[in-house]
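Report on one structure; see the data block that follows.
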Amino acid sequence: ASNFSTSATSPIFSCTSTTVTMSSTSLAAGSYNITYSTTNPTNNTGTATVTFSGTTTQTGSFTISGLTGPSSLITINTITFTGWTCSNTLTSGNKATVTVNQKSANPTSATASASSVCSGGSVNLTLSGGGGGTGEVVNWYSGSCGGTFVGTGNPLPVFNITSNTTYFGRYEDPAPCNFNSACASVTVTVQNITASATHTDVTCNGGADGTATITASGGTNPPYSYTLGATTNSIGTFSGLPAGTYSYSVNDRSEERRVG
């Protein structure tokens with residue numbers, strides 16, 4: 001077997017498989033059976049038929065799948081000629097190291113810094129678990145997984161939320177894997193304050209014995225403060241009012257406001 005040498009080269013980047021190219025200046029053109037081994041996965045061996053062609057230098061290639069990385073040393077162990085086998089395990093040129101890009105694992109959960117907000121509020125979205133892909137980014141969508149693009153980041157701040165929204169986050173790997181994980185989702189609800197007012201009129205013209213009562217619900221952080229005209233209290237009942245038109249507002253402790 002001393003009358004030939006081989007070398008194995010491969011693309012530096014791969015995902016789960018790679019093409020190994022062998023070259024020789026002593027092999028005749030034709031098809032040969034080879035055996036190989038890899039280090040990742042450990043002790044994985046396989047066989048392939050490689051067709052060599054060329055004039056001065058003959059080249060041939062084959063594909064190895066199932067690489068796990070982060071790197072794998074591929075060794076060409078033997079080449080079988082017609083009638084005999086040449087062992088090439090000690091030749092340094094028959095090895096190739098492949099850097100294996102990893103695909104992202106699926107996330108386990110998506111969370112928001114608050115499950116409910118006032119209209120116009122904001123949250124931070126966080127994707128957890130999984131990942132590990134080479135060059136991965138975390139992208140967020142609304143409506144569906146891969147739907148309306150929201151932004152990139154982990155965590156990702158989202159502002160001015162005005163309606164109940166479900167956010168979908170996933171890991172996205174660039175080339176050569178070009179892989180998107182499954183999504184994890186989280187829903188943020190908008191808790192608007194609803195308010196209404198009732199009143200009783202003054203009993204006599206020019207009197208000041210009218211009353212008004214404001215009731216409220218919703219929001220994210222009761223109790224409420226009630227304002228009628230220039231007067232504010234925490235019970236929502238106002239008395240001793242002269243005839244007139246009054247505006248009112250309701251605030252909760254998160255400063256959400258409802259005006260009527």
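All values below come from the heavy atoms of this structure, side chains included, with hydrogens, waters and symmetry mates left out.
In this structure, the separation between CG on Asn180 and CD on Glu136 is 11.5 Å, given to the nearest 0.5 Å. Rounding to the nearest 0.5 angstrom, the gap separating the SG atom in Cys145 from the CH2 atom in Trp140 is 11.0 Å. To the nearest 0.5 Å, atoms NE2 (His199) and CD1 (Ile214) are separated by 13.0 Å.
When every heavy atom of Ser225 is checked against every heavy atom of Thr232, the shortest pair comes out as CB-CG2, 4.2 Å. Here the closest heavy-atom approach between residue Pro223 and residue Arg253 is recorded as CD-NE, 3.5 Å. Smallest separation of non-hydrogen atoms from Ala182 and Asn106: N-OD1, 2.8 Å. Looking at every heavy atom in both residues, Gly210 comes nearest to Val202 through N-CG1, 3.6 Å. Taking every heavy atom of both residues into account, Gly132 and Gln102 meet most closely at O-CB, 3.6 Å. Nearest approach of Ala216 to Tyr224, heavy atoms of both residues: O-CE1, 3.8 Å.
For the pair Ile64 and Tyr36, the minimum side-chain heavy-atom distance is below 4.5 Å. In this structure the side chain of Tyr226 reaches within 4.5 angstrom of the side chain of Val250, judged on heavy atoms. Residues Met22 and Phe62 have side chains in contact (heavy-atom distance under 4.5 Å, counting atoms from C-beta outward). A 4.5 Å side-chain heavy-atom check between Phe238 and Tyr246 finds every atom pair outside the cut-off. Side-chain atoms of Leu241 and Leu228, non-hydrogen and from C-beta on, do get closer than 4.5 Å to each other. The shortest distance between side-chain heavy atoms of Val117 and Val188 falls below 4.5 Å.
Between the Ser113 side chain and the Asn124 main chain, a donor and an acceptor come within less than 3.5 Å of each other. Asn101 places no side-chain N or O within donor-acceptor distance of the main-chain N or O of Thr134, the cut-off being under 3.5 Å. Between the side chain of Asn33 and the backbone N or O of Thr47 there is no donor-acceptor pair closer than 3.5 Å. Side-chain atoms of Asn40 come within 3.5 Å of backbone N or O of Ser71 as a donor-acceptor pair. Checked by atom type and distance alone, the side chain of Thr237 never pairs as donor or acceptor with a backbone atom of Thr213 at under 3.5 Å. When atom types are taken as modelled, the side chain of Ser181 and the backbone of Ser104 share no donor-acceptor pair closer than 3.5 angstrom.
Every residue meeting the side-chain contact (heavy atoms from CB on, under 4.5 Å) condition with Thr152, not counting sequence neighbours, appears here in chain and number order: Val137, Asn139, Phe149.
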Please output the side-chain donor-acceptor pairs of residues 154-170 that fall under 3.5 Å, not counting sequence neighbours, one pair per line with the distance.
residue : atom : partner : partner atom : Å
Asn154  : OD1  : Leu127  : N            : 2.7
Asn154  : ND2  : Leu127  : O            : 3.0
Asn164  : OD1  : Val190  : N            : 2.7
Thr165  : OG1  : Ser163  : O            : 2.9
Thr166  : OG1  : Thr187  : OG1          : 2.7
Arg170  : NE   : Glu172  : OE2          : 2.7
Arg170  : NH2  : Glu172  : OE2          : 3.2

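Residues Val186 and Val138 fall within the same hydrophobic cluster, defined by Ile, Leu, Val, Met, Phe, Trp and Tyr side chains chained together at heavy-atom separations under 4.5 Å. Linking Ile, Leu, Val, Met, Phe, Trp and Tyr whenever their side-chain heavy atoms come within less than 4.5 Å puts Val20 and Ile34 in one cluster.
Paired with Ser72 under the rule side chain to side chain contact (heavy atoms under 4.5 Å, CB included), one option of Thr38, Thr18, Asn44, Thr42 passes, and it is Thr38.
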Dump the intermediate steps for side chain to side chain donor-acceptor pair (under 3.5 Å) on Ser37 and Thr45, then the final yes or no.
CA-CA 4 Å; Ser37 62; Thr45 61; over 6 Å; no

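Judged by distance alone, the side chains of Thr194 and Ser217 do bring a donor and an acceptor atom under 3.5 Å apart. Thr211 and Thr200 are linked by a side-chain donor-acceptor pair at a separation below 3.5 angstrom, with hydrogens and angles left out of the test. Between the side chains of Thr59 and Ser23, no donor-acceptor pair of N or O atoms lies under 3.5 Å.
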